[in-house]
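Structure first, commentary second.
Just so it is clear, the model here is predicted, and its values are computed rather than measured. All heavy atoms count here, side chains included; hydrogens, waters and symmetry mates do not. Numbers here simply count residues along the sequence, with the first being 1.
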Amino acid sequence: MLRNLLLALVFLIAQSTFAQYTEVINSNRPGASKAAFSVGANVLQFEVGPYIVNEKHTPLQYEVSGFGADFSARYGLFFEQLEINVEGIYQNDTFTDNRSAISREESRANFKNFSVGAKYLIYDPYKNAEDEKPNLYSYHANRGFKWKDLIPAVALYGGANFDTPDNPYTGPGVEGFSPKAMVATQNNFSNGWVLVTNLVFDRIGTDFSEFQYLITLTYSFSPQWVVFGETQGIKGDFYADNLFRFGGAYLWTRDFQLDTAITFNTKDTPSVFN
């Protein structure tokens, strides 16, 4: 059923016509962090990105190669501050065990993550920004640093994971529903800089609960182009890592964005390149 949902999301992306509340599409991509702001009231938005994966675990002598897709469906419910969403990562790969003279290969396919939740913007320092008058005598004053830019927008997220039994991408015995919570902040600095931070508590209450932090810095150097850098820390008993992500996005139309990114780490337990 979950696989069919993923295919349906991809189909809807190709078939749907979008209408944004904001002037242009409000996307979380291409990074893994989540912005504090929602898509806007009565806006339905789809985001999907295929990827290739290459991992090599030197001490345990195994390799993973394959492909996958991360996806989300986001809807602004009732008013601007509230968003409900369905998010997930589906992966299909080959696990190669090199511990013996003859390598053993195993084909794997499942959802690494699948969650349903809601995000609510509890504080917006930019709400009355349009009421501020520009400085008519100084161009630099209008574009320069302002101390109030250090005050971020803040959103809270609550949701639930759904993990299938015998999932190769989750810890042993992790299945069914488990809570997920997040605090997301966003600073919109002058001159096109945006800073997003996430603190995530995942699979709460299971034997393999997880804490993650994400810090994303983006820079828009034109109305169509943006580049970004991101660090993601994962702390858990089943998997722990420090990932780095770089990439960019191009705004094709107001309702359609293309983006690309690479992900890597600096260790060999396992090494990651996506």
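- If you look at Y62 and F95, their ring centroids are closer than 6.0 Å.
- Take R74 and apply the salt bridge (charged side-chain N to carboxylate O under 4.0 Å, His left out) test, not counting sequence neighbours, and it matches E47, E83.
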- Take N42 and Y75, measure what side chain to side chain contact (heavy atoms under 4.5 Å, CB included) needs, and give me the verdict at the end. CA-CA 7 Å; N42 300 318; Y75 181 69; 3.4 Å; yes
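- V183 and V194 are members of different hydrophobic clusters when ILVMFWY side chains are connected at heavy-atom separations under 4.5 Å.
- Among all heavy-atom pairs drawn from F208 and P172, the shortest one is CE1-O, 3.4 Å.
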- Given the rule in the salt bridge (Lys or Arg N to Asp or Glu O under 4.0 Å) test, do D70 and K112 qualify, once you have shown the distances and angles that lead to the verdict? CA-CA 9 Å; D70 59 82; K112 299 185 73 173; over 6 Å; no
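- Following chains of ILVMFWY side-chain contacts shorter than 4.5 Å, one can reach I215 starting from L199, so the two form part of one hydrophobic cluster.
- Two residues are said to be in side-chain contact when any heavy atoms from C-beta on lie closer than 4.5 Å; T216 and F228 meet this criterion.
- Of all the heavy atoms in D163 and S178, the pair that sits closest is OD2-OG, 4.3 Å.
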- Task: Please step through side chain to side chain contact (heavy atoms under 4.5 Å, CB included) for the pair S115 and Y157, ending with a clear verdict.
- Result: CA-CA 12 Å; S115 61; Y157 168 92; 3.9 Å; yes
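- In this structure a side-chain-to-backbone donor-acceptor pair under 3.5 Å is missing from N85 to A73.
- With contacts defined as side-chain heavy-atom distances shorter than 4.5 Å, the pair P270/Y239 qualifies.
- Between the CG atom of L243 and the CG atom of N265 there is a distance of 6.0 Å, given to the nearest 0.5 Å.
- Ring geometry for Y120 against F79 counts as perpendicular: the plane angle is over 60°, on a 0 to 90° scale with 30° as the lower cut.
- In the hydrophobic clustering of ILVMFWY residues, with side-chain heavy atoms under 4.5 Å counting as a link, W193 and F221 come out together.
- L82 and L156 fall within a single hydrophobic cluster, where Ile, Leu, Val, Met, Phe, Trp and Tyr side chains are chained together by heavy-atom contacts under 4.5 Å.
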- Message: Apply side-chain hydrogen bond (donor to acceptor under 3.5 Å, both in side chains) to residues S72 and E87 and explain how you reach the verdict.
- Response: CA-CA 4 Å; S72 66; E87 301 174 332; 5.0 Å; no
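- Separation of atoms CG (L258) and OG1 (T253) is listed at 9.0 Å; rounding is to 0.5 Å.
- In plain terms, the two heavy atoms of R245 and P30 that are nearest each other are CD-O, 4.3 Å.
- Side-chain contact, S65 with D93: no donor N or O sits under 3.5 Å from an acceptor N or O.
- With a 4.5 Å cut-off on side-chain heavy atoms, V53 and F67 do not count as touching.
- Remark: the backbone N or O of R203 is not paired with any side-chain donor or acceptor of S209 at under 3.5 angstrom.
- Remark: side-chain polar atoms of S271 are paired, donor with acceptor, to backbone N or O of K56 under 3.5 angstrom.
- Around CD1 of I52, the count of heavy atoms belonging to other residues, nucleotides or ligands within 6.0 Å does not exceed 12.
- Atom CG of D124 is separated from atom CD1 of I151 by 11.5 Å, given to the nearest 0.5 angstrom.
- There is a side-chain donor-acceptor pair under 3.5 Å between D202 and N161.
- The side-chain heavy atoms of S27 and Q45, taken from C-beta on, include a pair separated by under 4.5 Å.
- Looking at heavy atoms from C-beta onward, Y169 lies in side-chain contact with R108 at the 4.5 angstrom threshold.
- With values rounded to the nearest 0.5 angstrom, F264 atom CZ is found 11.5 Å from N274 atom CG.
- Considering every non-hydrogen atom in both A36 and Q186, the closest pair reads N-OE1, 3.2 Å.
- Nearest heavy atoms, V200 versus K180: CG1-CE, 4.0 Å.
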- Task: Go through the steps for I89 and F111 under the test side chain to side chain contact (heavy atoms under 4.5 Å, CB included), then give the verdict.
- Result: CA-CA 6 Å; I89 301 175; F111 286 86; over 6 Å; no
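- In this structure, E55 CD and T96 OG1 are separated by 12.0 Å, a value rounded to the nearest 0.5 Å.
- In this structure, F162 has its ring center at least 6.0 angstrom away from the ring center of F114.
- Electrostatic pairing of K235 and D241 does not count as a salt bridge here, judged by no charged N lying under 4.0 Å from a carboxylate O.
- Of all heavy-atom pairs spanning I25 and D255, the tightest one is CD1-O, 3.8 Å.
- Contact annotation: the side chain of D207 never approaches that of D237 to less than 4.5 Å [non-hydrogen atoms, C-beta and beyond].
- Heavy atoms from other residues, nucleotides or ligands lying under 6.0 Å from CG of N98 number more than 12.
- Residues K267 and V272 have side chains not in contact (no heavy-atom distance under 4.5 Å, counting atoms from C-beta outward).
- When T185, N187, L150 are each tested for a side-chain contact (heavy atoms from CB on, under 4.5 Å) with L195, only one passes: N187.
- K34 contributes no side-chain N or O that, together with a main-chain N or O of K119, makes up a donor-acceptor pair within less than 3.5 Å.
- Follow the hydrophobic side-chain contacts under 4.5 Å out from F238 and you reach V174 in the same cluster.
- In summary, the side chains of E210 and Q212 do present a donor paired with an acceptor at a separation below 3.5 Å, with no hydrogens or angles considered.
- Here the CZ atom belonging to F244 is positioned 11.0 Å from the CD atom belonging to E230, to the nearest 0.5 angstrom.
- The aromatic rings of Y213 and F211 sit tilted, their planes meeting at an angle between 30° and 60°.
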